[in-house]
Amino acid sequence: MAQRTITLRRPDDWHLHLRDGEEMRSVLGHTAQVFGRALIMPNLKPPVRQTCDALNYRRRILQALEAMPKYGYFNPLMTIYLTDDTSITDIVIAAASEHVLAAKLYPANATTNSAAGVTDIGKLDPVFGAMEKNGLVLSIHGETLKNDQGEIDIFDREASFIETLDSIIERHPDLRIVVEHVTTRKMVEFVQAAGPNVAATITAHHLLFNRNALFKGGIRPHHYCLPVLKREEDRQALLAAATSGSPGFFLGTDSAPHARDTKEAACGCAGCYTAHAALPLYAEAFDAAGALDRLEGFASHFGADFYRLPRNRGTVTLIQKPWTVPKTYPFDKEALVPLRAGEEVLWQVED
Ligand code: DOR
Ligand code: ZN
């Protein structure tokens with residue numbers, strides 16, 4: 001029987017952690033060999049706060065790409081990290097740069113390298129106003145950690161953020177917002193109802209797994225990410241949104257490399273590494289839902305349209321041909337354990 005194939009316009013990854021230095025050089029090729037562009041998250045240590053930091057980071061990525069001449073088309077798009085001290089001038093400068101597409105809101109301590117994040121979102125209102133006025137997208141890690149009653153249950157943190165999100169939208173109706181890595185039915189429904197200025201990215205791992213994957217036969221640190229995996233009904237809602245053909249949902253892997261020792265530990269880091277098989281993993285999820293024909297819009301059209309960039313030229317072809325994921329990939333002097341390590345992925349990108 002002939003192998004099934006699907007050809008798509010070259011896709012983009014609208015949410016990617018690349019890290020820096022040797023770590024970045026270790027993982028960059030996985031993304032650059034498939035994606036035309038990726039929106040690079042700013043949660044380095046220290047964070048990428050200013051446009052000049054973002055442009056210097058971008059230059060380091062471009063230098064690393066010089067060692068990979070086949071992927072010369074790859075264009076890293078940058079974000080800046082919002083803090084309590086971000087000023088309106090910082091926003092005006094970022095919005096004027098063609099290479100900076102968004103400012104990222106991490107509620108303080110919500111996730112990896114977010115200690116410098118925002119402690120009081122209300123106080124950032126003038127900054128959101130400047131973003132609205134200057135056309136800089138607000139990219140949000142949408143989780144609330146605490147309320148008046150105390151610490152919020154980890155499985156409820158995303159749904160609890162809806163109230164905050166709603167008030168930002170109400171005060172800034174023209175602000176364009178991407179709710180990153182949505183994980184719950186409630187947030188999906190909120191985004192669907194919010195109108196064309198609000199969109200969401202969805203990861204491959206949240207499409208493929210529910211929270212049982214964290215505890216299957218024992219604790220599974222390589223399935224731990226933030227926002228944490230949710231219930232099966234939430235996964236079903238994500239899958240329905242991703243395959244719906246709605247332009248408000250698009251591809252963002254949140255691929256987040258961590259050295260093996262820092263995940264397989266008494267207090268393991270959050271993050272799933274998926275860049276090695278990103279598009280094939282999405283293809284599996286879409287195919288299982290009988291919606292492979294909807295993958296191109298999600299992967300290659302809707303994100304570019306939302307960020308008001310031209311869609312990529314060129315194509316990539318996926319073949320339904322199983323391959324076994326290596327147990328580890330090199331990560332600077334360490335190793336990282338990719339999603340599906342030692343197991344099969346059903347699709348692959350044609351070379
Ligand atoms: O699981 C995650 N890992 N979630 C995030 O929000 C950050 C990321 C990282 O940088 O490792
Ligand atoms: Zn992320």
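Each ligand, and each atom within it, is numbered from 1 in the order the structure gives. Throughout, numbering of the chain's residues begins at 1 and tracks the sequence. Model, not experiment: these values are computed from the prediction.
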Subset of ligand 1 atoms that lie under 4.0 Å from at least one heavy atom of [X]:
{"X": "His141", "result": "6 (O)"}
{"X": "Ala256", "result": "3 (N), 8 (C), 9 (C), 11 (O)"}
{"X": "Cys225", "result": "1 (O)"}

What are the protein N/O/S atoms, named by residue and atom, that sit under 2.8 Å from the Zn ion (ligand 2)?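 Metal shell, protein only: His15 NE2, His17 NE2, Asp254 OD1.
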
Would you mind checking if [Y] and [X] are paired as a salt bridge, meaning a charged N to carboxylate O distance below 4.0 Å?
{"X": "Lys186", "Y": "Glu189", "value": "no"}
{"X": "Arg60", "Y": "Asp20", "value": "yes"}
{"X": "Asp85", "Y": "Arg49", "value": "no"}

May I ask you to check whether Tyr224 has an N/O atom sitting below 3.5 Å from an N/O atom of ligand 1?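 Min N/O separation from ligand 1 is not below 3.5 Å for Tyr224.
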
Do side-chain atoms of Gln348 reach the backbone of Lys321 as a donor and acceptor pair under 3.5 angstrom?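 Yes; at least one donor-acceptor contact below 3.5 Å.
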
Do the two ring centres, one from Phe286 and one from Phe298, sit under 6.0 Å apart?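 Aromatic pair counts; centres sit under 6.0 Å.
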
Should Arg19 be listed as contacting ligand 1, given a heavy-atom distance under 4.0 Å as the test?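 For ligand 1, residue contact (heavy atoms, under 4.0 Å) with Arg19 is present.
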
Return yes when Glu180 approaches ligand 1 closer than 4.0 angstrom through a heavy atom, no otherwise.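 Under 4.0 Å: no for Glu180.
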
Distance-only donor-acceptor check, side chains [X] and [Y], under 3.5 Å:
{"X": "Asp125", "Y": "His172", "answer": "yes"}
{"X": "Arg19", "Y": "His258", "answer": "yes"}
{"X": "Thr183", "Y": "Lys230", "answer": "yes"}

Which protein non-hydrogen atom lies closest to [atom], naming both residue and atom, and how far is it?
{"atom": "atom 5 (C) of ligand 1", "answer": "Thr111 OG1, 2.9 Å"}
{"atom": "atom 4 (N) of ligand 1", "answer": "Leu226 O, 2.8 Å"}
{"atom": "atom 3 (N) of ligand 1", "answer": "Ala270 O, 3.1 Å"}

Option from Val198, Ile177, Val127, Leu165 for which side chain to side chain contact (heavy atoms under 4.5 Å, CB included) with Leu138 holds: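 With Leu138 as partner, Val198, Ile177, Val127, Leu165 yield a single side chain to side chain contact (heavy atoms under 4.5 Å, CB included), made by Ile177.
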
Using the side chain to side chain contact (heavy atoms under 4.5 Å, CB included) definition, which of the options Leu101, Leu39, Val137 pairs with Val178?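 By the side chain to side chain contact (heavy atoms under 4.5 Å, CB included) criterion, Val178 pairs with just one of Leu101, Leu39, Val137: Val137.
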
Is ligand 1 under 4.0 Å from a heavy atom in the side chain of [X], in the backbone, in both, or in neither?
{"X": "Lys104", "answer": "neither"}
{"X": "Asn43", "answer": "side chain"}
{"X": "Met41", "answer": "neither"}

